[in-house]
Amino acid sequence: MIDIKKLITNAEEMQQNCINRHLDIDIKQVITLYEQQKGLKQELDQLRAKRNEVAQSMKGKMSPEERSVLIEKGKALKEELGEKEEGYKEVKEEYQTQLLQIPNYTAPDSPIGGEEDSTELKRVGEIRKFDFPVKDHLEIGYALDLLDFEAGAKVAGQKFYFLKNEAVLLELALVQYAIKKVMSKGFIPHITPDMARTSVVEGIGFNPRGESTNIYSIENQDLCMIGTSEITLGGKYADTIFKEEELPLKVAGFSHCFRTEAGGAGRESKGLYRVHQFSKVEMFAICKPEDAEGFLEDFLKIEEEICQELNIPYRVLDIASADLGNPAYKKYDIEAWLPGRDKYGEITSTSNCTDYQSRRLNIKYKNKDNETKFVYMLNGTAIAVPRIIISILENFQNEDGSVDLPEVLHPYMGMKKIERK
RNA sequence: GGAGAGGUGGCCGAGUGGUCGAAGGCGCACGCCUGGAAAGUGUGUAUACACCAAAAGUGUAUCCAGGGUUCGAAUCCCUGUCUCUCCGCCA
């Protein structure tokens with residue numbers, strides 16, 4: 001959520017920002033609604049003041065005649081209030097819905113444009129040249145008896161899957177490796193609920209219901225399946241005021257993530273790349289405004305370190321305006337080289353969301369001058385399991401069908417490669 | 001799942017429908033006292049929004065949430081929610 005007062009002073013900048021983000025939003029209209037809402041509120045406040053005054057004046061003893069005059073006066077005010085309140089409520093609701101749709105500001109150094117305009121900052125790691133026909137992760141996974149999409153579909157539907165045999169160990173190994181890694185970087189690890197209240201999901205900036213939602217919701221309950229533990233970690237701190245010395249707060253979450261992928265059918269959707277459920281370790285930080293930019297770079301570094309330790313060749317993208325999503329002010333993605341697709345594919349994403357989420361979730365801190373200010377919030381992927389599994393299977397496949405495992409995983413796997421049966 | 005009890009300020013806790021933004025205590029802040037500290041003592045101590053150039057001040061809202069009754073609700077009614085206790089079920 002955006003600060004309305006700031007918005008009024010830089011309405012044009014935000015209007016351009018919406019254009020850059022390919023959003024059809026009329027900033028002027030939102031400001032008009034705000035003014036209307038404010039005016040109505042003032043009228044209401046005056047009426048209420050009168051009502052309170054009348055009620056106060058009736059406290060003492062008085063003759064029945066005097067009293068009945070005042071009661072009539074009160075009744076009239078009550079009626080007037082009731083009517084005004086209705087109008088105010090309508091305008092206020094419209095204002096609030098529109099305000100919530102306004103995206104965050106965009107970092108001045110983020111590229112402007114759509115997906116194709118994201119800037120490639122660097123490439124790291126050698127792309128392997130294969131002297132045998134390359135297989136994609138599905139072929140490899142089925143040959144090694146690691147995957148079962150048919151059973152997933154039978155039990156839960158399209159894009160659900162079973163992991164089997166070494167793939168199970170691999171998921172557990174990746175999770176444990178990632179948790180230890182982020183702990184070594186000072187993050188407090190959490191296993192979070194896989195569901196969250198609708199209000200929490202909204203607070204983080206996801207749209208829980210409606211046609212284009214990517215979120216599963218539970219029928220007849222105020223609950224959603226989370227799309228990332230960012231939701232539960234952020235929700236944990238809703239309505240909190242931190243002391244300055246408690247910041248920065250660095251936490252990590254392990255959870256299952258659920259995404260409907262509505263409208264995403266067919267698009268890069270082969271195999272494990274785009275699924276309805278997956279496991280993920282997520283980094284999350286709450287900090288003072290001045291620390292946020294540094295943290296974003298830190299998050300990226302950790303993500304790179306993980307890719308490097310896993311020997312996955314990757315590139316880093318500075319994400320362009322239209323691809324940021326509403327909450328992010330600036331975002332870096334890491335894309336792994338995936339030989340089975342013969343191109344890069346996104347495996348991590350880290351964002352500086354500034355105070356966009358903390359305004360909705362009401363997360364603040366008290367600074368040295370005892371002023372209460374909104375915190376800044378950041379998030380970043382440590383490991384999104386299925387896409388790392390794809391990267392490993394495809395990059396480290398051998399001609400005989402076996403797959404070498406990255407050295408850092410050997411202790412967790414209890415093996416160095418996945419052999420053909 | 002059944003039965004009951006309860007949600008009041010940073011915390012504890014009082015509160016007959018009007019004098020309640022809310023007693024009292026703790027904590028916290030500042031002062032006095034002291035050689036210094038403790039004890040004692042005095043004062044202050046919520047948030048949001050609006051008006052105001054700003055401060056001061058004023059108004060409105062907030063006693064879990066949402067509705068309702070009433071001229072007037074922390075207080076009465078309904079619904080939801082959360083916590084606790086007991087019973088049942090269960091890995």
Side-chain angles (χ1 to χ4, degrees), chain A residues 1-9 30-100 191-203 208-209 217-224 232 235-247 249 256 355-375:
Chain A
M1 184 169 70
I2 253 20
D3 178 3
I4 184 66
K5 287 190 188 145
K6 188 174 167 194
L7 183 69
I8 289 169
T9 63
V30 181
I31 293 174
T32 306
L33 278 168
Y34 167 72
E35 298 293 350
Q36 272 178 19
Q37 169 272 141
K38 190 169 84 174
L40 289 169
K41 174 87 183 340
Q42 280 168 11
E43 286 178 38
L44 270 183
D45 281 356
Q46 279 168 22
L47 274 177
R48 286 185 180 136
K50 268 190 220 161
R51 177 200 62 191
N52 291 348
E53 205 180 306
V54 171
Q56 286 293 312
S57 67
M58 239 182 294
K59 278 189 295 201
K61 282 185 181 166
M62 58 181 65
S63 67
E65 294 79 36
E66 280 178 293
R67 188 169 288 275
S68 73
V69 169
L70 287 172
I71 287 180
E72 283 314 310
K73 209 168 162 187
K75 277 189 178 170
L77 283 169
K78 187 179 173 179
E79 204 167 307
E80 199 180 345
L81 261 174
E83 289 165 21
K84 282 249 159 72
E85 266 167 1
E86 242 169 82
Y88 167 66
K89 219 171 156 182
E90 249 172 64
V91 176
K92 190 184 165 192
E93 269 169 27
E94 180 60 23
Y95 158 63
Q96 283 178 333
T97 7
Q98 292 211 18
L99 183 68
L100 287 177
I191 291 179
T192 87
D194 287 339
M195 294 191 202
R197 292 179 201 288
T198 307
S199 60
V200 172
V201 174
E202 280 170 347
R209 313 221 177 205
S217 49
I218 306 298
E219 195 174 5
N220 298 328
Q221 300 221 299
D222 180 35
L223 281 174
C224 303
T232 39
K236 182 181 175 198
Y237 299 104
D239 299 313
T240 300
I241 300 176
F242 290 98
K243 294 181 193 128
E244 179 162 348
E245 57 269 25
E246 290 175 306
L247 300 179
L249 181 70
H256 296 109
D355 58 354
Y356 191 84
Q357 295 169 324
S358 60
R359 280 177 188 282
R360 292 190 181 199
L361 291 168
N362 191 29
I363 307 178
K364 302 178 180 178
Y365 77 104
K366 268 202 169 137
N367 68 16
K368 294 228 162 60
D369 301 327
N370 222 27
E371 293 168 318
T372 311
K373 300 204 160 175
F374 287 105
V375 297

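Residue numbers start from 1 in every chain, and the chains themselves are labelled A, B, ... in the order their sequence lines are given, proteins ahead of strands.
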Q: For B:U19 and B:A38, measure between their P atoms and round to the nearest Å.
A: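 Roughly 41 Å separates the two P atoms.
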
Q: Return the value, rounded to whole Å, for the distance between atom CG of A:L223 and atom P of B:C82.
A: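 Taking atom P of B:C82 as the reference, CG of A:L223 is at 9 Å.
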
Q: Using the C1' atom as the point on both nucleotides, what is the distance between B:U70 and B:G17, in whole Å?
A: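 Comparing C1' positions in B:G17 and B:U70 gives a spacing of 9 Å.
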
Q: Decide if atom CZ of A:R197 counts as having more than 12 heavy atoms of other residues, nucleotides or ligands within a radius under 6.0 Å.
A: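 No - once you tally the heavy atoms of other residues, nucleotides and ligands closer than 6.0 Å, there are 12 at most.
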
Q: If you compare all heavy atoms of A:L44 against all heavy atoms of A:E85, which two are closest, and at what distance to 0.1 Å?
A: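 In terms of heavy atoms, the two residues are closest at CD2-CG, 3.8 Å.
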
Q: Would you measure the distance from the P atom in B:U69 across to the matching atom in B:C77 and give it in whole Å?
A: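 The same atom, P, in both gives a distance of 15 Å.
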
Q: Using a heavy-atom cut-off of 4.0 Å across all strands, would you classify A:K75 as base, sugar-phosphate, or nothing?
A: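 Contact class for A:K75: sugar-phosphate only.
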
Q: Could you tell me the Watson-Crick or G-U partner of B:A50, where both distances fall under 3.5 Å? Say none if there is no partner.
A: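 Partner of B:A50: B:U58.
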
Q: With respect to the side chain of A:Q42, which nucleotide from B:A50, B:A48, B:C71 is positioned closest?
A: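 The closest nucleotide is B:A50.
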
Q: Identify whether any heavy atom of A:K366 sits under 4.0 Å from a base atom; if not, whether one sits that close to sugar-phosphate; answer base, sugar-phosphate or nothing.
A: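 No contact.
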
Q: Can you tell me the base-pairing partner of B:A74? Count Watson-Crick or G-U wobble geometry only, both distances below 3.5 Å, and say none if there is no partner.
A: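 Pairing partner: none.
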
Q: Given atom NZ of A:K92 and atom P of B:U60, what is their separation to the nearest angstrom?
A: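 Distance, rounded to whole Å: 17 Å.
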
Q: Provide, to the nearest angstrom, the distance between the CD atom belonging to A:Q56 and the P atom belonging to B:U70.
A: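 Spelled out: CD on A:Q56 to P on B:U70 is 20 Å.
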
Q: I'd like to know if A:E53 pairs up with A:K73 as an ion pair, taking the criterion as any Lys NZ or Arg NE/NH1/NH2 lying under 4.0 Å from an Asp or Glu carboxylate oxygen.
A: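 Judged by the 4.0 Å cut-off on N to carboxylate O distance, A:E53 and A:K73 do not form a salt bridge.
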
Q: Round to a whole Å and report the spacing from CG of A:L44 to P of B:U62.
A: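 Value for this atom pair: 13 Å.
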
Q: Considering only the C1' atoms, how many Å lie between B:G44 and B:C26, rounded to the nearest integer?
A: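 These two C1' atoms come out 16 Å apart once rounded.
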
Q: Run the side-chain contact (heavy atoms from CB on, under 4.5 Å) test on A:V375 and A:Y237 for me, step by step, so that the C-alpha distance in whole Å, both residues' side-chain angles and the decisive distance to 0.1 Å come before the verdict.
A: CA-CA 11 Å; A:V375 297; A:Y237 299 104; over 6 Å; no

Q: If the C1' atom of B:G21 is compared with that of B:G15, how far apart are they to the nearest Å?
A: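 The answer is 13 Å between these two C1' atoms.
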
Q: For A:Y365 and B:G10, what is the distance between atoms OH and C1' respectively, to the nearest whole Å?
A: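 To the nearest whole Å, that distance equals 20 Å.
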
Q: With a 3.5 angstrom cut-off on both distances, give the Watson-Crick or G-U wobble partner of B:G36, or none if there isn't one.
A: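 By the stated definition (distances under 3.5 Å), nothing pairs with B:G36.
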
Q: When we call it a touch if two heavy atoms are under 4.0 Å apart, what does A:N52 touch: a base, just sugar-phosphate, or nothing?
A: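 A:N52: backbone/sugar contact only, no base atoms under 4.0 Å.
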
Q: Can you tell me the base-pairing partner of B:C84? Count Watson-Crick or G-U wobble geometry only, both distances below 3.5 Å, and say none if there is no partner.
A: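 B:G4 - that is the nucleotide pairing with B:C84, both distances being under 3.5 Å.
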
Q: Under a 3.5 Å cut-off for both contacts, is B:C28 paired Watson-Crick or G-U wobble with anything, and if yes, with which nucleotide?
A: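 In the structure as shown, B:C28 has B:G44 as its Watson-Crick or wobble partner.
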
Q: Select from A:A49 and A:V54 the residue whose nearest nucleotide in RNA chain B is closer to the 5' end of that strand.
A: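 In this pair, the answer is A:A49.
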
Q: Once you round it to whole Å, what is the distance between C1' of B:A48 and CE of A:M1?
A: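 Distance, rounded to whole Å: 12 Å.
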
Q: Within the supplied structure, the quantity of interest is the number of heavy atoms (other residues, nucleotides, ligands) at a distance under 6.0 Å from A:I8 CD1; does it exceed 12?
A: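 Yes, enclosed.
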
Q: With the side chain of A:K5 defined as its heavy atoms from C-beta on, choose the nearest nucleotide among B:A50, B:U60, B:A48.
A: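 My answer, after comparing the listed nucleotides, is B:A50.
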
Q: For A:K38, answer base if it contacts any base atom (sugar-phosphate contacts may also be present), sugar-phosphate if it contacts only those atoms, and nothing otherwise; contact means non-hydrogen atoms under 4.0 Å.
A: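 Counting heavy atoms under 4.0 Å across all strands, the contact made by A:K38 is with sugar-phosphate only.
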
Q: What is the distance from CG of A:L99 to P of B:C49, rounded to the nearest Å?
A: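 The distance from CG of A:L99 to P of B:C49 comes to 13 Å, rounded to the nearest Å.
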
Q: Output the single nucleotide from B:G72, B:G67, B:G59 whose closest atom is nearest the side chain of A:K89.
A: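 So the nucleotide nearest the side chain must be B:G67.
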
Q: How far does the P atom of B:C51 sit from the matching atom of B:C12, given to the nearest Å?
A: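 To the nearest whole Å, 36 Å.
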
Q: If pairing requires Watson-Crick or G-U wobble contacts with both distances under 3.5 Å, which nucleotide is the partner of B:U79?
A: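 Here B:U79 is engaged in a pair, and the nucleotide opposite it is B:A65.
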
Q: How about CD on A:E90, more than 12 heavy atoms from neighbouring residues, nucleotides or ligands closer than 6.0 Å, or not?
A: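 Not buried by this count: 12 neighbours or fewer within 6.0 Å.
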
Q: Does atom CD of A:E79 have more than 12 heavy-atom neighbours from other groups under 6.0 Å away?
A: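 Atom CD in A:E79 is not packed in, count stays at 12 or less.
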
Q: If we take the P atom in both B:G24 and B:U45, what is their distance in whole Å?
A: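 Result for the P pair: 12 Å, nearest Å.
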
Q: With nearest nucleotides of RNA chain B determined for A:K364 and A:E53 from heavy-atom distances, which residue corresponds to the more 5′ nucleotide?
A: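 The residue closer to the strand's 5' end, by nearest nucleotide, is A:K364.
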
Q: For B:A91, which nucleotide is its Watson-Crick or G-U wobble mate, given both distances must be under 3.5 Å?
A: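 WC or wobble partner does not exist here.
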
Q: Phosphate oxygens OP1/OP2 of B:G80: is one of them under 4.0 Å from a side-chain N or O of A:R197?
A: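 For B:G80, neither OP1 nor OP2 has a side-chain N or O of A:R197 closer than 4.0 Å.
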
Q: Verify the contact: side-chain N or O of A:Y88 to OP1 or OP2 of B:A50, cut-off strictly under 4.0 Å; return yes or no.
A: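 Looking at the OP1 and OP2 atoms of B:A50, neither is under 4.0 Å from any side-chain N or O of A:Y88.
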
Q: Looking only at side-chain N and O atoms, does A:K78 come under 4.0 Å of OP1 or OP2 in B:G72?
A: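 Yes, because at least one side-chain N or O of A:K78 sits under 4.0 Å from OP1 or OP2 of B:G72.
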
Q: I want to check something: taking the side chain as every heavy atom from C-beta on, are A:Y88 and A:Q37 in contact at a cut-off of under 4.5 Å?
A: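 Result yes, sub-4.5 Å side-chain heavy-atom pair found.
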
Q: Would you kindly give the CD1-to-C1' distance between A:I241 and B:G9, to the nearest whole Å?
A: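 After rounding, the gap between these two atoms is 13 Å.
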
Q: Sticking with atom C1', work out how far B:A46 lies from B:G4, rounded to a whole angstrom.
A: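 Pairwise C1' distance, B:A46 against B:G4, rounds to 34 Å.
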
